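This report refers to the structure that appears directly beneath it.
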Amino acid sequence: MSTISIVEREMTPVELARMNAGFDENTIDNGIAIQSSERMGFVALYGDEFVGCVSGLAYKNGDTYSGWFYLTDLYVEKAYRRQGLGAKLLQALEDKLLACGIDKVWTWTAGYEGPGFYKKQGYTVFAELEHWYSSGHSRVGVRKQL
C-alpha cells in the first residue's frame, strides 16, 4: 500500500485544473451557484495618451451579480496626479456598478498613501495588515456601500 507524500513543487496544469474543479464541486455540493467574474473599467486619455485607469472584477453567482466589486487597479500617471482624476475615474466606475446593480466595492491599498484618498471618496477601513511593506507601513482594506 502506498503512503501519501508531501512534495514541494508547483502544481502541473492538470493538477491545477483538478483543484479548481474540486472547488467548484464543493461549491455545488453546498448549494451555491458557481461564481464567475467580469472585468469592468475605464481608461483616462489625454488625446491619445494614456494617463490613468480604474478597473476590477464584478462577481457573478450564475447570471446575477453578487453585489460586490473588487477594485483591482486605480492608477494615474505622476504628471496628472492631485488634479482630481483618480476621484473622477473612481466615480465613473461606481456609477457603472450601480447601473449594473452592484452596490458594494472593496480593495486593498498601500497604507503610506491610499487610505486618505479612499476616505475622501467615502470608503471606510475594514482591515489592516500591519508592517506589510518593508517601510513598516500597512496594507489596508477599504470598502464602500454605494
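In this text the structure is predicted, and so the values were computed from the model without any measurement.
Looking at heavy atoms from C-beta onward, V125 lies in side-chain contact with K119 at the 4.5 angstrom threshold. Within the 4.5 Å cutoff, side-chain heavy atoms of Y80 are placed close to those of E77. You'll find the side chain of F117 stays beyond 4.5 Å of the side chain of T109, heavy atoms only. Counting heavy atoms from C-beta outward, R139 and Y133 have side chains that approach closer than 4.5 Å. Within the 4.5 Å cutoff, no side-chain heavy atoms of V54 are placed close to those of Y75. Under the 4.5 Å side-chain criterion, counting only non-hydrogen atoms from C-beta, W108 is not in contact with W132. Counting heavy atoms from C-beta outward, T12 and R9 have side chains that approach closer than 4.5 Å. Proximity of E15 to R18: side-chain heavy atoms (C-beta onward) are nowhere separated by under 4.5 Å.
Looking at D103 and K144, no side-chain N of the basic residue comes within less than 4.0 Å of a carboxylate O on the acidic one, giving no salt bridge. One finds a salt bridge joining E38 and K60 here, because a Lys/Arg side-chain nitrogen approaches an Asp/Glu carboxylate oxygen to under 4.0 Å. A salt bridge does not link E113 with R81: every distance from a Lys NZ or Arg NE/NH1/NH2 to an Asp or Glu carboxylate oxygen is 4.0 Å or more.
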Inset, instruction - Just do the side-chain contact (heavy atoms from CB on, under 4.5 Å) check on Y70 and V105 with the steps written out, would you? - result: CA-CA 6 Å; Y70 175 37; V105 180; over 6 Å; no

Inset, instruction - With side-chain contact (heavy atoms from CB on, under 4.5 Å) as the test, would you mind laying out the steps for W68 and R143 before giving the verdict? - result: CA-CA 10 Å; W68 281 97; R143 65 185 279 176; 3.4 Å; yes

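Under a cut-off of 6.0 angstrom, the local environment of CD in E49 is crowded, with over 12 non-hydrogen atoms contributed by other residues, nucleotides or ligands. Other residues, nucleotides and ligands place more than 12 heavy atoms under 6.0 Å from the CZ atom of F50. Within a 6.0 Å sphere centred on CZ of R39, heavy atoms belonging to other residues, nucleotides or ligands number more than 12.
Here L74 contributes atom CG and T107 contributes atom OG1; the two are 8.5 Å apart, rounded to the nearest 0.5 Å. Atom-to-atom distance recorded for C100:SG and D95:CG is 11.0 Å, nearest 0.5 angstrom. Separation of atoms CG (L93) and CG (L98) is listed at 10.0 Å; rounding is to 0.5 Å. For the atom pair CZ (F42) and OG (S55), the distance works out to 11.0 Å, reported to the nearest 0.5 Å. With rounding to the nearest 0.5 angstrom, the CD1 atom of I34 is 10.5 Å from the CG atom of N20. T124 OG1 to Y118 OH: the interatomic distance, rounded to the nearest 0.5 Å, is 13.5 Å.
In this structure, A110 and P115 approach most closely via the heavy-atom pair O-CD, 3.1 Å. Shortest non-hydrogen contact noted between L97 and M40 is CD2-SD, 3.8 Å. Nearest heavy-atom pair, I102 versus A58, reported as atom, atom and distance to 0.1 Å: CD1-CB, 3.6 Å. Summarising the geometry of T72 relative to G56, their closest heavy-atom pair is OG1-CA, 3.4 Å, with the distance given to 0.1 Å.
At a threshold of 4.5 Å between side-chain heavy atoms, the hydrophobic network of Ile, Leu, Val, Met, Phe, Trp and Tyr places L85 and L71 in one connected group. Cluster membership for L129 and V142, using ILVMFWY side-chain heavy atoms within less than 4.5 angstrom, is not shared. Residues L90 and L146 are members of one and the same hydrophobic cluster, defined by side-chain heavy-atom contacts under 4.5 angstrom among Ile, Leu, Val, Met, Phe, Trp and Tyr.
A distance-only check finds a donor-acceptor pair linking the side chain of N30 to the backbone of N26 [under 3.5 Å]. The backbone N or O of V140 sits nowhere less than 3.5 Å from a side-chain atom of S138 that would complete a donor-acceptor pair.
Aromatic ring orientation, W106 versus F126: perpendicular (interplanar angle above 60°, classes split at 30° and 60°).
Aromatic pair Y65/Y59: ring centres not closer than 6.0 Å.
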